[in-house]
Amino acid sequence: MPASPTLSAVPPTGWEYGISRYPDTADVYARLNALVKQPMRQIKRDNMSAVLRQLDERCAKSKQLFERAQTVIPGGVQHNLAFNYPFALAMDKAEGAHLWDVDGNQYIDFLQAGGPTLLGSNYRPVLDKVVELLKHCGPTTGLLHEYEVKLAELIRHYMPACEMFRMLGSGTEAVMGAIRLARTHTGKKWVIKIGGAYHGWSDQMVYGMRLPGTGRMEAHGIPSGSTACVQESFPNDLGALRRKLLLNRLRGGTAAVLVEPLGPESGTRPAEREFNAGVRKLCDEFGALLIFDEVVTGFRVGMGGAQGYFNVKPDLTVLGKCLTGGYPMAGGIGGRKDVMMSLAGGIGATSKRAFVGGTLSANPLSCAAGYFAIQEMARTNAAAVAGRAGDRLCQGLSEIIKRLGLPYVAYNQGSIVHLQTSGVLLLSTRNLIQLMKEAKPRKHMMEEMGAAYAAHGLVTLAGSRLYTSMADTDEVIDEALNRFETVLKLV
Ligand SMILES: Cc1ncc(COP(=O)(O)O)c(C=O)c1O
């Protein structure tokens, strides 16, 4: 039996946070608001036709596969937020900073599978450990494995607020579980999220998605009862949050306030520097639990997560994505021991408990992948390396935008880079007329930008978000900037 790898006696301490400078949010919002007021500046029509032609020619096998996929997979893709304009690109190989499609085209990967691959794609040292485990134990046994314990210990080491940890299958599941846990622990019913934030696709959380104030707009197939005790509060508005907490006090109380600590949609609407601390204070005042959804920020912002970066201690933390370094299945809840004990599993756990669990949750494969990936993130200072790549990318994009006289906006929170063109969806129900008129064309423009980037060898998250990784060397970023400039010249 191979020796069981153990956590190094003293885990690496030389890591830094990945956000070198928190964006001046007032300035970002001013620039974004100015952008939304401008007429849309899109890719010139003949240039866009050329882009579509180029994709057709260069990506014939992808197109063919996508057409086949559409006959057996609704929409031809497996996530409602997946990009499929004009067709989904089918990937064949992933390594470091790059992806290769089935036609052999190489891309610089700023999607990073939606965020998990902070170490770069298919990172060899973790792969080797995972293969070793698979050969020895296979992916799952359904029984306790040492890696579950090691992973929980490692998380507690870097995020002390996660005194205990429960592994689940996805961010969605973990958010569901955290909400149930908060309600069980507090005996209260209301849950307040921040409008525009994405917390997965559970019944309760398909609410106020993307555009603040839209409530149940996307809640198809979800009975109104499922969202009856969910509210959304506008981003960065502590006054509005306080009013909701006050009102809820009279009608059953607030179990939890749930935030993405960098702001909705991974900082697409950036949180003001002091917002999280303000939410913490309000939660304390009203006896609500503070849940940080760190599905994106956990480990990407730094080993201590956004909670360490902002120095705000949540009661519960939801992790996902980087938690397993890109391996399935990534999701879990960490938090205060007294709260977490309401999840206590197993026969004989007699307390009133929140029912949570899944057949493949906490399988050895996911736990080992997470355990080794997180150690590698610390050892290599991955968040800071990726953050510096994000700074370089953002700086370069800002210069290109300025040079070309475009009204677009680039800003970043370390390795999370936002490139907002006229496809920006910084709309809300507070301006209903604009929302009705502009949401669709802006969304389509974002799709066109994504397609144009892809035609020039750049994979982005839905045409406006770029995750950088440790594999993004200066050369990779500079090459990416050349390609972005070529695309932005098509406008
Ligand atoms: C902040 C946040 N929370 C939750 C989720 C849901 O995670 P999953 O896709 O693993 O269910 C996501 C996914 O993108 C996310 O970004």
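Ligands are counted one by one from 1 in listed order, and the atoms in each one are counted from 1 as well. If you're wondering where the values come from, they're calculated on a predicted model, not measured in any experiment.
Ion pairing between a basic and an acidic side chain is recognised when a charged N comes within 4.0 Å of a carboxylate O; R280 and D284 show such pairing.
Contacts of T172 with ligand 1, taken as heavy-atom pairs under 4.0 Å, involve both backbone and side chain.
Taking the six-membered ring where the residue is Trp, F484 and Y453 present perpendicular rings, their angle passing 60° and hence far from 30°.
Counting atoms of ligand 1 from 1 in the listed order, those under 4.0 Å from a heavy atom of G200 are 4 (C), 5 (C), 6 (C). Within the listing of ligand 1, atoms 6 (C), 7 (O), 8 (P), 10 (O), 11 (O) sit less than 4.0 angstrom from a heavy atom of G171. Close contacts of ligand 1 with S170, meaning ligand atoms under 4.0 Å from a residue heavy atom, involve 10 (O), 11 (O). Heavy-atom contacts of K321 reach the following atoms of ligand 1: 13 (C), 14 (O), 16 (O) (cutoff under 4.0 Å). Each of the atoms 1 (C), 2 (C), 3 (N), 4 (C) of ligand 1 lies under 4.0 Å from some heavy atom of D293. Atoms of ligand 1 lying under 4.0 Å from at least one heavy atom of V296, given by number and element, are 16 (O). Atoms of ligand 1 found under 4.0 Å from any heavy atom of E260 (numbered from 1 in listed order, with element): 1 (C).
Looking at V295 next to ligand 1, no N or O pair under 3.5 Å apart turns up. Between H199 and ligand 1, a contact under 3.5 Å exists for no N or O pair.
Heavy atoms of E265 come nearer than 4.0 angstrom to ligand 1 in no pair at all.
Using modelled atom types and a 3.5 Å distance limit, the side chains of S62 and D101 yield no donor-acceptor pair.
No side-chain heavy atom of T460 sits less than 4.5 Å from a side-chain heavy atom of L111.
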Report task. Kindly indicate, with the supporting measurements, whether the criterion side-chain contact (heavy atoms from CB on, under 4.5 Å) is fulfilled by R465 and S266. Result -> CA-CA 9 Å; R465 198 182 313 160; S266 308; 3.2 Å; yes

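Taking the six-membered ring where the residue is Trp, the centroids of Y371 and Y147 are separated by under 6.0 Å. Between Y207 and H199, the distance separating the two ring centers is not shorter than 6.0 angstrom.
Distance alone, capped at 3.5 Å, places no donor-acceptor pair between the Y123 side chain and the E376 backbone.
Residue, atom and distance of the protein heavy atom nearest to atom 1 (C) of ligand 1 are Y198 O, 3.2 Å.
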